[in-house]
Amino acid sequence: MNSSPRWLFWHRRDLRVKDNNGLSLAKSITNLVTGIYVIDNPIFNPGVNNQPISDAKIWFLGNSLLELKQKWEKAGSRLIIIGGNPETIIPKICNCINADGVIWNLNYEPYEIDRDSKVKTNLTLLNKKYHEVSDQLLVDPLLIKNGSGKPYKVYTPFFRNWRSKVSNSLESKSFYFYSINSLAKKDGELIDIDDSHSIYLEQILNSSAIKEKSALDFILQNHGFKGACLCPCSPGENAANKMLKKFINSGFINKYDSYRNLPYEDSTSKLSASINYGTISIRNIWNSIQELKKNTTSFESIKSIETWEKELAWREFYQNVLLHFPKLARGPYRSLWEKFPWDNNTYLYDSWANGLTGFPIVDAAMRQLNQSGWMHNRCRMIVASFLVKDLICDWRLGENEFMKKLVDGDLASNNGGWQWSASSGMDTKPLRIFNPARQSEKFDKDASYIRYWIPELANISTQDLISGNLPALERNGYPEPIVSHKIQQARFKEIYATLRN
């Protein structure tokens with residue numbers, strides 16, 4: 001009989017068994033490890049986390065958990081999946097299976113920090129231990145400060161500091177860059193809880209079940225997402241690793257700098273949802289592209305790889321600023337924008353949300369989002385600028401709309417992107433306005449993206465699709481432009497100038 005203490009490993013944004021720092025720590029302590037995932041979103045507890053969650057994310061989560069559960073069972077243990085409030089569930093399950101304590105990987109959003117603090121308090125009351133491990137980011141955000149010891153507010157100096165710390169970690173062969181496979185060395189390497197604890201656990205799980213179904217079955221059968229065949233993001237650890245290999249081996253990453261802004265090209269990694277839910281390790285991604293760069297002599301390829309590295313840095317920058325400036329989750333960084341007199345016209349907003357503005361590039365992007373749960377990054381900037389600076393709607397409406405629909409909806413990155421587009425965040429440029437026609441001409445010059453997502457316009461000339469000046473007889477029910485870009489941008493600038501004075 002094994003006399004080692006049992007530990008509970010709490011999965012959050014790390015839905016994988018390979019290269020998982022927290023899980024590696026648990027496995028180094030004992031082979032008596034049990035996994036748990038608590039679905040702490042509005043599906044099970046509307047009062048827990050006020051962030052909206054899309055049907056696409058629920059689909060991605062459910063299928064990723066299904067694969068993860070099977071991997072735990074193959075390793076000889078189990079993954080407990082339960083819906084509700086982690087503040088009470090984690091200590092309760094820890095006590096139920098007679099675990100010494102709980103291990104988890106650190107998260108950095110305001111809700112997550114508050115949640116974890118309460119879990120720690122409740123574990124302490126039960127005399128249970130806990131360990132928090134850095135895993136989600138390449139560099140611990142508390143380690144990145146400017147010369148005055150304060151957090152960065154601007155990306156470029158942040159990137160230089162961040163990049164130097166990543167390089168130092170690689171050179172020193174830091175644990176965070178070289179952690180071993182957490183599980184999957186061989187089948188049956190873990191030991192499950194015994195029958196007596198299993199019975200007690202089942203009683204708890206049954207008491208919290210919804211309609212007599214397990215939490216996992218419930219979300220798999222009730223996610224409501226109908227765009228799985230169109231969504232480029234694939235759930236699960238196995239799929240994430242395949243997508244990374246495809247991105248590298250196909251050569252897409254070698255031309256990323258030239259093609260990343262072209263929405264019709266299959267030139268991006270499609271790993272955003274995988275990174276968000278942690279079905280792939282950020283270290284695995286980084287080490288893979290470093291290995292590629294080391295064996296690359298082409299200047300264009302190296303430049304493209306480094307451009308993609310900067311995309312990973314943007315993710316960490318947004319995580320950093322949200323950690324240090326949590327007010328960003330509720331409103332603008334620049335106080336000027338707190339007084340902005342938004343129109344928030346319901347008709348205009350609904351037209352934007354449904355892809356019916358009469359501006360083809362905007363509508364194609366919104367239809368891509370509505371149908372597939374995903375949108376190309378260049379198009380995210382175009383539609384955000386249009387909502388804020390053409391329709392004069394509060395950027396927070398768009399931020400919320402994205403979170404309700406995106407498969408890769410991430411509070412820090414989504415908020416950062418919207419504040420960048422709205423000019424309300426930390427961007428050094430005071431005012432940026434995108435012209436939809438110019439964006440189309442530059443990034444969808446043959447209108448392939450527009451034709452794909454707005455099939456009723458497939459036979460209209462490329463020039464008309466780019467300009468948005470469509471012949472009335474060829475519209476096939478497609479709407480006239482709901483505003484004039486020229487008039488609206490002038491009006492927006494006038495309001496902005498008034499506020500600045």
Shortest non-hydrogen contact from G84 to P86? O-CD, 3.5 Å
Can a donor-acceptor pair be found, under 3.5 Å and without considering hydrogens, that links the side chain of S385 to the backbone of F434? yes
Salt bridge (charged side-chain N to carboxylate O under 4.0 Å, His left out) against R378, all qualifying residues, sequence neighbours excluded: none
Ring-ring centroid check F492 F340, cutoff 6.0 Å: yes
Flag the pair L61 / Y277 as yes when at least one side-chain heavy-atom distance between them is below 4.5 Å, and no otherwise. yes
Side chains of W162 and E316: donor-acceptor distance under 3.5 Å anywhere? yes
With side chain to side chain contact (heavy atoms under 4.5 Å, CB included) as the criterion, how do L220 and L65 come out once you've worked through the C-alpha distance, each side chain's angles and the decisive distance to 0.1 Å? CA-CA 10 Å; L220 285 171; L65 285 174; over 6 Å; no
So that I know where these two stand, are W352 and F386 an aromatic pair - ring centroids less than 6.0 Å apart? no
Hey, is E291 close enough to K294 for a salt bridge, meaning N to O under 4.0 Å? yes
Less than 4.0 Å between a side-chain N and a carboxylate O, is that true for D444 and R451? no
Might you confirm whether atom CZ of R432 has over 12 heavy atoms from other residues, nucleotides or ligands at distances under 6.0 Å? yes
Short question: side chain of N414, backbone of E399 - any donor-acceptor pair under 3.5 Å? yes
K293 with E306: basic N within carboxylate O range, under 4.0 Å: yes
Of all residues at least two apart in sequence or in a different chain, which pass the salt bridge (charged side-chain N to carboxylate O under 4.0 Å, His left out) check with E338? none
Is the backbone N or O of P235 less than 3.5 Å from a side-chain atom of N63, with the two atoms forming a donor-acceptor pair by type? no
Does a side-chain N-to-carboxylate-O contact under 4.0 Å join K303 and E300? no
Counterpart residues, salt bridge (charged side-chain N to carboxylate O under 4.0 Å, His left out), relative to K270 (two or more places apart): D266
Is the distance between the ring centroids of W337 and Y496 under 6.0 Å? yes
Throw together a table of side-chain donor-acceptor distances under 3.5 angstrom for residues 452-459, partners on residues two or more places apart or in other chains.
unit_1: E456; atom_1: OE1; unit_2: R367; atom_2: NH1; d: 3.3
unit_1: E456; atom_1: OE2; unit_2: R367; atom_2: NH1; d: 2.9
unit_1: E456; atom_1: OE2; unit_2: R367; atom_2: NH2; d: 3.2

Go through the structure and list residues passing salt bridge (charged side-chain N to carboxylate O under 4.0 Å, His left out) with E237, not counting sequence neighbours. K71
Taking NZ, NE, NH1 and NH2 as the nitrogens, is one of them in D343 or R491 under 4.0 Å from a carboxylate oxygen of the other? yes
Between N105 and D14, a side-chain donor and acceptor under 3.5 Å: yes
Does atom CD (E441) have a neighbourhood of more than 12 heavy atoms from anything else shown, all under 6.0 Å? no
Taking G278's backbone N and O only, do any of them form a donor-acceptor pair with R16's side chain (distance below 3.5 Å, no angle check)? yes
Residues R396, D394: salt bridge by 4.0 Å N-O rule: yes
On the 0 to 90° scale, with breaks at 30° and 60°, tag the F325-Y333 ring pair as parallel, tilted or perpendicular. perpendicular
Under 6.0 Å from the six-membered ring centre of F60 and within 45° of its axis: does the NZ or CZ of K57 meet both? no
Applying side chain to side chain contact (heavy atoms under 4.5 Å, CB included), run through L312 and I289 and close with a yes or a no. CA-CA 11 Å; L312 299 179; I289 62 177; 4.3 Å; yes
I'd like to know if the side chain of T296 and the backbone of S298 have a donor-acceptor N/O pair within less than 3.5 Å. no
Presence of salt bridge, R163 and E309, under 4.0 angstrom: yes
Answer yes or no: is there an ion pair linking R12 with E112, defined by an N-O contact shorter than 4.0 Å? no
Salt-bridged, K405 to E401, with N to O below 4.0 Å? yes
Parallel, tilted or perpendicular: which one describes the rings of Y155 and W314, with boundaries at 30° and 60°? parallel
Residue set satisfying side-chain contact (heavy atoms from CB on, under 4.5 Å) with P326, at least two apart, ordered chain then number -> P110
